[in-house]
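Written below as structure tokens is the structure these notes are about.
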Amino acid sequence: MTFSDPSAGHYTATFPQLRDWGLIWDTYDAAVHGAHRMPHFYTAARHENWWGSAVQMDVLLVLAKKHGIPVAWVTPAQTLSSLAAAGADHDEKLAVLVGTENGIQALCRLKLEECTDEWIAGEVEAGEKAMAAWSDGHREAAACLAVAGVEQMLHNLTHVSRGRGAHKRLQKAGTKKPNDYLPKHQYVLAPLTDRFKMSLAAGLVLGDLGRQCVRNAC
């Protein structure tokens with residue numbers, strides 16, 4: 001079985017092309033097809049950590065919405081594949097996250113290093129402190145730091161103002177249906193509709209591990 005990139009040789013792309021190419025890109029399984037370079041246009045419509053996972057968009061949405069798992073940026077492709085293959089029970093999904101904790105931590109660190117814009121310096125500092133606590137085994141403290149660190153970013157991203165009813169408005173932002181052409185933005189917000197409290201869903205850096213710990217500690 002081979003994989004062929006439909007966008008190869010193209011130097012421009014239309015929205016319909018991105019939509020159609022995405023359907024092919026989503027079939028690429030690194031474990032089956034071997035190593036393939038990420039297409040030039042891939043990150044216009046997909047998150048780079050999805051490349052090679054072969055997890056379909058509807059499955060990613062279920063992982064985010066039903067299980068509250070941050071599928072954008074910080075969950076490695078192989079972990080996403082394992083999550084998709086795991087049973088539907090939430091505890092089975094959580095077991096996958098626990099089993100791949102080191103890989104998730106490594107990708108979280110990498111993503112923090114890529115955040116060099118001054119306007120998010122405070123959030124990056126909170127993320128670094130969360131990672132330090134997580135690495136030391138203090139998951140409860142790490143999860144609380146992660147929540148504090150990204151909450152303002154969620155407000156900025158969704159244009160939802162703070163104040164009474166803000167959490168419900170953030171949850172509503174997470175219910176929007178991803179568009180066919182550039183869907184990746186909505187997958188960042190999708191965990192906001194998960195079955196746990198809104199404050200837990202803000203812990204994007206730590207994913208479901210952090211969310212479970214906050215549930216017990218904060």
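If you look at His10 and Trp21, their ring centroids are closer than 6.0 Å. Aromatic rings of Trp50 and Tyr42 (six-membered ring for Trp) have centroids beyond the 6.0 Å cut-off, not under it.
Taking CD of Gln186 as the start and CE of Met57 as the end, the distance is 11.0 Å to the nearest 0.5 Å. How far CD1 of Ile69 is from CG of Leu94: 8.0 Å, rounded to the nearest 0.5 Å. Remark: Asp136 CG to Met131 CE distance equals 10.5 Å, nearest 0.5 Å. Here the CD-OG1 distance, from Gln17 to Thr12, works out to 6.5 Å after rounding to the nearest 0.5 Å. To the nearest 0.5 Å, atom CD of residue Gln105 and atom OG1 of residue Thr100 are 10.5 Å apart. Note that NE2 of His67 is 10.5 Å distant from CG of Leu97, once rounded to the nearest 0.5 Å.
With salt bridges taken as basic N to acidic carboxylate O contacts below 4.0 Å, one links Lys111 and Glu48. Here Glu113 does not pair with Arg109 in a salt bridge; the nearest charged N to carboxylate O distance is not below 4.0 Å. The residues Asp26 and Arg46 are annotated as salt-bridged, a charged nitrogen and a carboxylate oxygen being separated by less than 4.0 angstrom.
The number of heavy-atom neighbours closer than 6.0 Å to CD of Glu118, taken from other residues, nucleotides and ligands shown, is 12 or below.
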Run Trp25 and Asp5 through side-chain contact (heavy atoms from CB on, under 4.5 Å) and show every step you take.
CA-CA 7 Å; Trp25 292 334; Asp5 175 17; 2.9 Å; yes

Could you go step by step and tell me if Glu123 and Cys115 meet the side-chain contact (heavy atoms from CB on, under 4.5 Å) rule?
CA-CA 9 Å; Glu123 286 83 355; Cys115 296; over 6 Å; no

Yes or no on side-chain contact (heavy atoms from CB on, under 4.5 Å) for Glu101 and Arg139, after CA distance, side-chain angles and deciding distance?
CA-CA 12 Å; Glu101 182 175 6; Arg139 290 196 180 100; 2.6 Å; yes

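Both Leu61 and Trp51 sit in one connected hydrophobic cluster of ILVMFWY residues. Membership requires side-chain heavy atoms under 4.5 Å apart, directly or through other members. When the side chains of ILVMFWY residues are joined at heavy-atom separations under 4.5 Å, either directly or via intervening members, Leu112 and Trp119 end up in a single hydrophobic cluster. Cluster annotation: Leu182 and Ile24 are assigned to the same hydrophobic cluster (Ile/Leu/Val/Met/Phe/Trp/Tyr, side-chain heavy-atom contacts under 4.5 Å, transitive). Connection of Tyr181 to Leu60 is established within a shared hydrophobic cluster, with ILVMFWY side chains joined at heavy-atom distances below 4.5 Å, either directly or through further cluster members. The hydrophobic cluster containing Val96 also contains Val59, counting ILVMFWY residues as joined when their side-chain heavy atoms lie under 4.5 angstrom apart, directly or transitively.
The main-chain N or O of Asn49 is never found under 3.5 Å from a side-chain atom of Thr75 such that the two would form a donor-acceptor pair. Under a 3.5 Å cut-off, the side chain of Asp89 and the backbone N or O of Asp91 do form a donor-acceptor pair. A donor-acceptor pair is defined here as one N or O able to donate and one able to accept, closer than 3.5 Å; such a pair exists between the side chain of Lys184 and the backbone of Thr43. At least one donor-acceptor pair under 3.5 Å links the side chain of Ser82 to the backbone N or O of Gln78. Not one N or O on the side chain of His138 forms a donor-acceptor pair closer than 3.5 Å with the backbone of Trp134.
Looking at every heavy atom in both residues, Ala86 comes nearest to Lys93 through O-NZ, 3.3 Å. Considering every non-hydrogen atom in both Pro76 and Gly103, the closest pair reads CG-O, 3.7 Å. Between Arg19 and Asp180, the shortest heavy-atom contact is CG-O, 3.4 Å. Across every non-hydrogen atom of Ala146 and Ala130, the tightest pair is N-CB, 4.0 Å. Pro183 approaches Pro178 most closely through the heavy-atom pair CB-CB, 3.9 Å. When every heavy atom of Pro39 is checked against every heavy atom of Ser7, the shortest pair comes out as CB-OG, 3.7 Å.
Leu110 belongs to a hydrophobic cluster with Leu107, counting contacts under 4.5 Å between side-chain heavy atoms of Ile, Leu, Val, Met, Phe, Trp and Tyr, direct or through other members.
In this pair, Tyr28 and His36 present their aromatic rings perpendicular. The plane angle is above 60°, beyond the 30 to 60° band. Using cut-offs of 30° and 60° on the angle between ring planes, the pair His47 and Trp73 is perpendicular.
Contact annotation: the side chain of Val71 approaches that of Tyr187 to within less than 4.5 Å [non-hydrogen atoms, C-beta and beyond].
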